[in-house]
Number of protein chains: 2
Amino acid sequence: MNAIDNEKQAVVRLAERFGRVRDAHQREQAEDYVELIADLIDGHGEARVVDLAGRLGVTNATVNNTIHRLQRDGLVTSKPYRSIFLTEEGRKLAESARERHRIVRAFLVALGVDADSAEADAEGIEHHVSDATLDAFRRYLGHADAREAKPGSFRGARQGGA
Amino acid sequence: MNAIDNEKQAVVRLAERFGRVRDAHQREQAEDYVELIADLIDGHGEARVVDLAGRLGVTNATVNNTIHRLQRDGLVTSKPYRSIFLTEEGRKLAESARERHRIVRAFLVALGVDADSAEADAEGIEHHVSDATLDAFRRYLGHADAREAKPGSFRGARQGGA
DNA sequence: CACATAAGTTAGTGAAGGCTAATTTTTATA
DNA sequence: TATAAAAATTAGCCTTCACTAACTTATGTG
């Protein structure tokens with residue numbers, strides 16, 4: 001019953017409570033946005049439309065539309081011509097998305113996938129891993145760490161083939 | 001340079017050639033449809049709108065729309081009020097989707113994920129694994145098979161934690 | 001064979017999510 | 001401070017993908 005579990009439950013409740021942000025694709029987009037917004041705030045001090053647009057590969061106008069949806073759904077706040085902030089719920093969603101992203105990426109790297117592919121695939125996979133799978137990834141990382149300590153054993157052959 | 005590689009290249013060429021079926025979400029939907037159509041043809045002898053609708057959880061009308069798009073994009077053929085067939089290109093796409101699905105599912109099971117979660121997650125993950133990651137999964141399955149033969153070593157602890 | 005039911009299709013609606021072009025606001029700088 | 005550039009917004013358009021309701025075609029059974 002740790003902090004992450006609490007957040008996970010909050011996210012589940014959130015998903016159930018809000019009629020909107022209901023189907024998988026919308027949830028994915030919401031997660032991508034709040035995760036990116038959190039990263040921008042941490043890295044730049046603020047998240048602006050133009051930064052999101054650049055990183056997501058869409059136009060400012062598209063980001064603007066999406067931000068309005070996210071605001072309607074209670075995940076972000078922003079006043080016209082000002083930068084974007086996460087609500088408490090948005091922050092929780094971002095945290096849990098980041099955590100999954102981090103684990104998936106680390107898992108793929110531990111499995112022997114090159115860093116670029118691992119990052120690219122983690123981006124897509126993070127939205128589709130159940131708790132059961134995420135736990136399996138965590139377990140594997142635990143064992144991989146243990147093997148790291150006493151070298152000589154198998155750790156994913158033929159790294160870097162792309 | 002095996003048969004699967006040839007198909008993979010064909011799929012890549014297909015994706016590049018057709019202006020349509022261009023973005024990730026559409027590609028995923030196309031893969032889901034052709035994979036399901038292939039399964040239905042193998043299992044029932046034919047793929048009908050009503051079967052697709054039932055399995056995908058959408059209405060007949062929605063399936064109809066999508067089938068028209070897939071037909072436009074050269075992946076399926078169907079005459080009004082008749083069942084649906086895959087084109088050669090559709091069949092190749094279905095094959096490669098099935099192969100990825102199979103590997104992802106087997107990999108998750110080998111990692112200790114329960115069968116139901118593995119199946120559910122594979123459905124989503126299969127669309128997001130690069131060749132590099134798929135190779136890593138295959139390698140792990142190879143090693144897991146080897147360990148299977150001489151028991152006693154690690155094979156994913158604490159199975160069955162939904 | 002008639003006709004009820006199942007399956008498939010069409011028409012019309014709506015939201016999501018993308019774009020461009022035009023406009024407004026903010027910011028930076030000459 | 002005036003003004004140019006950057007950023008944000010709005011308006012209008014498009015496709016996808018979902019729905020319901022109404023209709024047509026196929027199918028199976030009395």
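Order of the sequence lines sets the chain letters (A, B, ...), proteins ahead of strands, with each chain counted from 1.
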Figure out the [atom1]/[atom2] separation between [X] and [N], and round it to whole Å.
X	N	atom1	atom2	value
Arg72(A)	dA16(C)	CZ	C1'	9 Å
Asp23(A)	dT16(D)	CG	P	17 Å
Leu70(A)	dA16(C)	CG	P	11 Å
Asp51(B)	dA6(C)	CG	C1'	12 Å
Tyr33(B)	dC17(D)	OH	P	9 Å
Ile67(A)	dT10(D)	CD1	C1'	16 Å
Arg27(A)	dG17(C)	CZ	P	13 Å
Glu46(B)	dA26(D)	CD	C1'	12 Å

Exercise for the section: To the nearest 0.5 Å, tell me how far Glu46(B) CD sits from Ile41(B) CD1. Expected result: 9.0 Å
Practice task
Can you tell me which residue pairs pass the ring pair (Phe, Tyr, Trp, His ring centres under 6.0 Å) test with a partner in residues 23-51 of chain B, sequence neighbours excluded?
Solution key: His25(A)-His25(B)
Practice task
Would you tell me whether Glu119(A) and His101(A) have side-chain atoms, one donor and one acceptor, within less than 3.5 Å of each other?
Solution key: yes
Handout entry: Side-chain donor-acceptor contact under 3.5 Å, Ser117(B) with Asp114(B)
Key = yes
Problem - Pairwise side-chain contact, Leu111(B) with Phe107(A), heavy-atom cut-off 4.5 Å (strictly under) - result: yes
Phosphate contact ([N] OP1 or OP2) by [X] side-chain N/O below 4.0 Å:
X	N	answer
Arg69(A)	dG17(C)	yes
Gln29(B)	dT15(D)	no
Thr59(B)	dC19(D)	yes

Exercise for the section: For the pair Arg48(A) (side chain) and Ser83(A) (backbone), establish whether a donor and an acceptor sit closer than 3.5 Å, ignoring hydrogens and angles. Expected result: no
Handout entry: Given DNA chain C, 5'-ward residue of the pair His25(A) and Arg48(A), judged by closest heavy atom
Key = His25(A)
Practice task
For Gly74(A) and Glu89(A), work out which heavy atoms get closest and say how close.
Solution key: O-OE1, 3.5 Å
Completion exercise
Out of dA18(D), dA16(C), dG18(C), minimum distance to the side chain of Thr62(A) belongs to dG18(C)
What does the list of N/O pairs under 3.5 Å between the protein and nucleotides 9-12 of chain C look like, with a distance for each?
{"unit_1": "dT9(C)", "atom_1": "OP1", "unit_2": "Tyr81(B)", "atom_2": "N", "d": "3.0"}
{"unit_1": "dT9(C)", "atom_1": "OP2", "unit_2": "Asn64(B)", "atom_2": "OD1", "d": "3.3"}
{"unit_1": "dT9(C)", "atom_1": "OP2", "unit_2": "Asn64(B)", "atom_2": "ND2", "d": "2.1"}

